[in-house]
Every structure is written in structure tokens, then in C-alpha cells.
Amino acid sequence: MKKSIRPEFVEFIPEVVQDGILYISIPYATATHNCPCGCGERVVTPIKPTDWTLTWNGEAVSLNPSIGNWSVPCQSHYWIVENRIVWAKKWTAAKINAGREFDRQAKIRYYNRSWRGKGGEV
Ligand SMILES: [Zn+2]
């Protein structure tokens, strides 16, 4: 289990993703890293209002909210806070489902708002 990750700003995410590096593509608004538990699963975190927020202070990056790899066997759950991996508790199946539902609702609200924002009545 890794304790830190190093940001690397790239245009394209490379085909071979190295452990311990968080590849960040600003043009494509996405970030990718290998799961820090060592299982080798690739984790993609889109940078979007409805997905993850990336913060860079000139040296270190943070991602918000936490990253839960529920769809891969390790079920790792952690935060990336200023290049540190902060391991969090694994979620129960019920909590994962509730989280997915919350996410789905948040996306519906966000996209409805954007739609109205463009001047259309729904
Ligand atoms: Zn893993």
C-alpha cells in the first residue's frame, strides 16, 4: 500500500501507467493512476463538477471527493491529499449502493441546471 503519489501533467495519458504517478491531463479534464494498493488496476478520475475536483498548489495535488474502487476486487478506498494517499475505511455494499444513487441524483440535478442555464424551459 503506497503512501504517496506524484503528479505529472501530460496532454495524453500514456499507455503504460506507472505506479505512484498521478497523470493529469488538463486539456482532456481527466486524471489516471494505478490503484495504490498494488493490485495494478487503472483508476480513471474525470475532472468535472459532477465527478472529481483537482486542486494543485504548485507542488502537490489533491482530489476530492475520495476514490472508491468498488468495481475492482481490492475495493480500495482512499483520499489523495497533497500527494499523500490517505487510506480510508472500506464501504459496505449498502453504502456503495447509496453512494452510487447519490451520485446519480447529483448528476441529474447538475445537468438539469445546465440545461435551464442555457435559457431553455424544461
Ligand atoms: Zn487495488
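Order of listing sets the numbers, starting from 1, for every ligand and every atom in it. Just so you know, these numbers come straight off a predicted model, no measurement behind them. Computation of the quantities below employed the complete heavy-atom set of this structure, encompassing side-chain atoms and omitting hydrogens, waters and symmetry-equivalent molecules. One-based numbering along the sequence shown.
Counting non-hydrogen atoms of other residues, nucleotides and ligands closer than 6.0 Å to CD of Q18 gives a total of 12 or fewer.
Atoms OG1 and OH, on T32 and Y23 in that order, are 9.5 Å from each other to the nearest 0.5 Å. Remark: W56 CH2 to S62 OG distance equals 13.0 Å, nearest 0.5 Å.
Only protein N, O or S atoms were considered, and those under 2.8 Å from the Zn ion (ligand 1) are C35 SG, C37 SG, C39 SG, C74 SG.
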TODO: Please report the C-alpha distance between I67 and H33 in whole Å, then the side-chain angles of each, then the deciding distance to 0.1 Å, and finally whether the side chain to side chain contact (heavy atoms under 4.5 Å, CB included) criterion is met.
DONE: CA-CA 11 Å; I67 298 157; H33 64 286; 3.9 Å; yes

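Note on Y78 and I47: same hydrophobic cluster, where clusters join Ile, Leu, Val, Met, Phe, Trp and Tyr whose side-chain heavy atoms are under 4.5 Å apart, directly or indirectly.
Of all heavy-atom pairs spanning H77 and S66, the tightest one is NE2-OG, 2.7 Å.
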